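Every heavy atom of this structure was used, including side-chain atoms; hydrogens, water molecules and symmetry mates were not. These figures come from a predicted structure and were not determined experimentally. Quick note: residue numbers are just sequence positions, from 1. In each ligand, atom 1 is the first atom listed, and ligand 1 is the first ligand listed.
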Amino acid sequence: MSVISSWNLTISLNTTLSLSWRSSLPSRAIFPRPKKSKTLVVLAIALGAKPTVLVSEKLGDAGIQLLKTFANVDCSYNLSPEELCTKISLCDALIVRSGTKVTREVFESAMGRLKVVGRAGVGIDNVDISAATEHGCLVVNAPTANTIAAAEHGIALLTAVSRNVAQADASVKAGKWERNKYVGVSLVGKTLAVMGFGKVGSEVARRAKGLGMQVIAHDPYAPADRARAIGVELVSFEEALTTADFISLHMPLTPATSKMFNDEAFSRVKKGVRIINVARGGVIDEEALLRALDSGIVAQAALDVFTEEPPPQENKLVRHENVTVTPHLGASTTEAQVLLELSPYVALTEKLGRLAVQLVAGGSGVKFVKVTYASARGPDDLDTRLLRAMVTKGLIEPISSVFVNLVNADFIGKQRGLRLTEERIVLDGSPEKPLEFIQVRIANVESKFASAISNSGEITVEGRVKDGKPHLTKVGSFGVDVSLEGSIVLCRQSDQPGIIGKVGNILSEENVNVNFMSVGRIAPGKQAVMTIGLDEEPSRDALKKIGEITAVEEFVFLKL
Ligand SMILES: NC(=O)c1ccc[n+]([C@@H]2O[C@H](COP(=O)([O-])OP(=O)(O)OC[C@H]3O[C@@H](n4cnc5c(N)ncnc54)[C@H](O)[C@@H]3O)[C@@H](O)[C@H]2O)c1
Ligand SMILES: O=C(O)[C@H](O)COP(=O)(O)O
């Protein structure tokens, strides 16, 4: 799905609601789940059957194609409010960006059919959340998908205003050569105030530090340790205003931030300050900014966002000589629109859950499950609800007839006595990758494959995403490496020559293709765990023959 890095559940339906919704869906007998369910399309997961999805703004093609495997997709762009209201009654889901106003009228016109609004991006200020809640409609967004794109656009505008790039470009194109008029200011050593030190703000800060700037930030809710880690000082609104040479805005538009930059704020800034806004137009009082520009208090402004979008033709800010404008392009990079950042992890978590539960010995029951996410990203930047739901799905579906989806996962887990806890390990390193590894552990159970019990006494499976594909990288205390496709044979044997060949022969006699194989051992000549990825399912007879190889101490066949 375009821009799905993780769909963030903005409004969770309460349990009663999600249950009644679920029970109103057709049974699996009528709509069997696709064999290779690409569970990353959360809307489809949430809806549980082939829904009709209206996409009202341009998204990446890859996302649309993927969505089409799960849904009837209607891409209708530039709908008038009336056209949107007419169409919506035929749709189960609506996907929008910032340009579609999802008003109360839209929810009313849906007459109960609309179940999910997906905001392919961050800001949900164009969706009437109260109306969505009243109409039992879920609103989900993709909070990290365009973070880097927005941060890079902020930096592009910062450097552009410091060197009059837009103005100089227009001048040269008008046939002029005004080298003295467009003398800029340097960034190095200057103070940048980042207002709103969240996902985008902190990435802007990181980049500005690289440009040699002194970076301060104002954010009443930001953790001081995150700021310290980047070398940024958190300051009061007053201090940010009075000390900054450049101000970059990155807070959401809320009643508290609306027109935060007004005459009062501009009266306290340093004369000649330069302002960049890639957040929301509404955080600036545009009339006040115009006055501040005209009086020279603000030397330059770069605006990607406006109170009204598109801004009216006669908008004086847009036409102002010292204002650089872009048409809400912050998220508009190819990468941000096709990013499938979390999707392999979604598949990985479900498969780890499936593997772990199949390793439990019959009768043990599964109650205590711990999921560990190791990531270089801050906890706020990784919403794990989707991953948690997928682990639950993997744990429960192989041993029951229930269909687990994003909405009902927590409820079904609780109903079945599952106590799933999550833990994060914060790693050093590049935060570009969402997760380094994921571990699923089941405590207080016996395993049908004793080697799957780690030193801590729990069934432990660990996986990573390699080249975009989920891999199993640890079973119990043994390091392994097998791509999680098809099915898997885990086999512990005494470490001696010829075993791999014997197992391979048995499988090849049955025409079962081995797609991956790895061997992890404690020490040479002792025990080894062999992990074999299979495209086809071997017969019982073949599995029996593997078990009869003298050196094989235990083995298990697992379906993914
Ligand atoms: N121009 C674009 O295309 C584009 C792209 C992405 C994001 N955005 C916008 O950028 C903004 C930031 O996005 P994000 O993903 O970093 O969100 P975020 O939620 O990660 O960060 C927002 C930060 O603002 C802080 N904040 C809240 N109230 C504040 C206040 N009164 N003063 C200062 N800080 C305050 C929050 O504590 C939070 O840390 C949003 O408005 C989003 O819609 C625009
Ligand atoms: O909130 C956002 O995600 C950004 O403003 C991007 O909006 P867009 O998806 O309309 O480009």
Side-chain angles (χ1 to χ4, degrees), residues 1-8 10 55-60 63 77 95-102 118-127 140-157 193-206 216-224 226-227 232 234-241 247-261 265 276-284 302-306 309-310 325-334 336-339 377-383:
M1 168 80 243
S2 63
V3 296
I4 291 182
S5 65
S6 76
W7 284 95
N8 190 35
T10 305
V55 180
S56 68
E57 287 175 75
K58 184 92 179 79
L59 305 177
Y77 309 140
I95 302 183
V96 300
R97 290 179 59 184
S98 61
T100 307
K101 304 277 171 271
V102 193
R119 165 63 171 101
V122 184
I124 46 163
D125 41 287
N126 53 323
V127 181
V140 295
N141 70 344
T144 58
N146 57 31
T147 301
I148 299 299
E152 287 178 352
H153 197 58
I155 294 292
L157 293 180
V194 171
M195 313 298 282
F197 195 67
K199 292 182 286 297
V200 180
S202 49
E203 290 301 328
V204 165
R206 206 191 295 277
I216 55 175
H218 168 69
D219 186 328
Y221 315 107
R226 172 145 41 103
V232 169
L234 283 177
V235 298
S236 66
F237 187 53
E238 177 70 20
E239 191 176 343
L241 290 184
I247 298 177
S248 193
L249 308 185
H250 302 289
M251 68 284 269
L253 178 60
T254 65
T257 62
S258 174
K259 298 197 175 171
M260 206 171 159
F261 281 80
I276 295 99
N277 186 8
V278 290
R280 281 293 178 267
V283 301
I284 293 181
L303 309 173
D304 183 46
V305 284
F306 302 86
E309 292 184 6
V325 287
T326 49
H328 201 147
L329 288 183
S332 296
T333 60
T334 312
Q337 295 305 315
V338 298
L339 205 65
R377 289 204 180 159
D380 292 348
D381 297 347
L382 184 69
D383 189 325

Open item on the list: Among D125, T254, D304, which residue satisfies the side-chain hydrogen bond (donor to acceptor under 3.5 Å, both in side chains) criterion with R280?
Closed with: D125
Open item on the list: Could you check whether any heavy atom of P220 sits closer than 4.0 Å to an atom of ligand 1, since that is the contact criterion I want to use?
Closed with: yes
Task: Region of F197 that comes within reach of ligand 1 [heavy atoms, distance under 4.0 Å] - done: backbone
Task: Residue pair R97 / S332, side-chain heavy-atom distance below 4.5 Å - done: yes
TODO: Side-chain contact test, heavy atoms from C-beta onward, threshold under 4.5 Å: evaluate it for E203 versus I148 and give yes or no.
DONE: yes
Task: V200, portion touching ligand 1 at heavy-atom distance under 4.0 Å - done: both
Task: H218: numbered ligand 1 atoms lying under 4.0 Å from its heavy atoms - done: 32 (N), 33 (C), 34 (N)
TODO: For A150, counting its heavy atoms only, list the atoms of ligand 1 lying under 4.0 Å from any of them.
DONE: 5 (C), 6 (C)
- [ ] Would you mind listing which atoms of ligand 1 come within a distance below 4.0 Å of any non-hydrogen atom of N146?
- [x] 5 (C), 6 (C)
TODO: State the atoms of ligand 1, each with its element, that fall below the 4.0 Å cut-off from a heavy-atom position in G123.
DONE: 43 (O)
TODO: Any atoms of ligand 1 less than 4.0 Å from a non-hydrogen atom of D304? List them with their elements.
DONE: 1 (N), 2 (C), 3 (O)
Open item on the list: Within the 4.0 Å heavy-atom shell around H328, which atoms of ligand 1 are there?
Closed with: 1 (N), 2 (C), 3 (O)
Open item on the list: Counting only heavy atoms closer than 4.0 Å, does ligand 2 sit against the backbone of N146, its side chain, both, or neither?
Closed with: side chain
Open item on the list: Quick test of your reading of the structure: of R119, H153, R97, whose heavy atom lies closest to atom 7 (O) of ligand 2?
Closed with: R119
- [ ] Could you tell me which atoms of ligand 1, counted from 1 in the order shown, lie closer than 4.0 angstrom to a heavy atom of T257?
- [x] 28 (N), 29 (C), 30 (C), 31 (N)
Task: For ligand 2, the portion of S98 having any non-hydrogen atom under 4.0 Å away - done: both
Task: M260 heavy atom under 4.0 Å from ligand 1 - done: yes
Task: Per-residue contact class, K199 against ligand 1 - non-hydrogen pairs under 4.0 Å - done: both
Task: Side chains of V200 and V122 in contact at under 4.5 Å (non-hydrogen atoms) - done: no
Open item on the list: Using a 4.0 Å cut-off to any heavy atom of G330, which atoms of ligand 1 qualify?
Closed with: 1 (N), 2 (C), 3 (O)
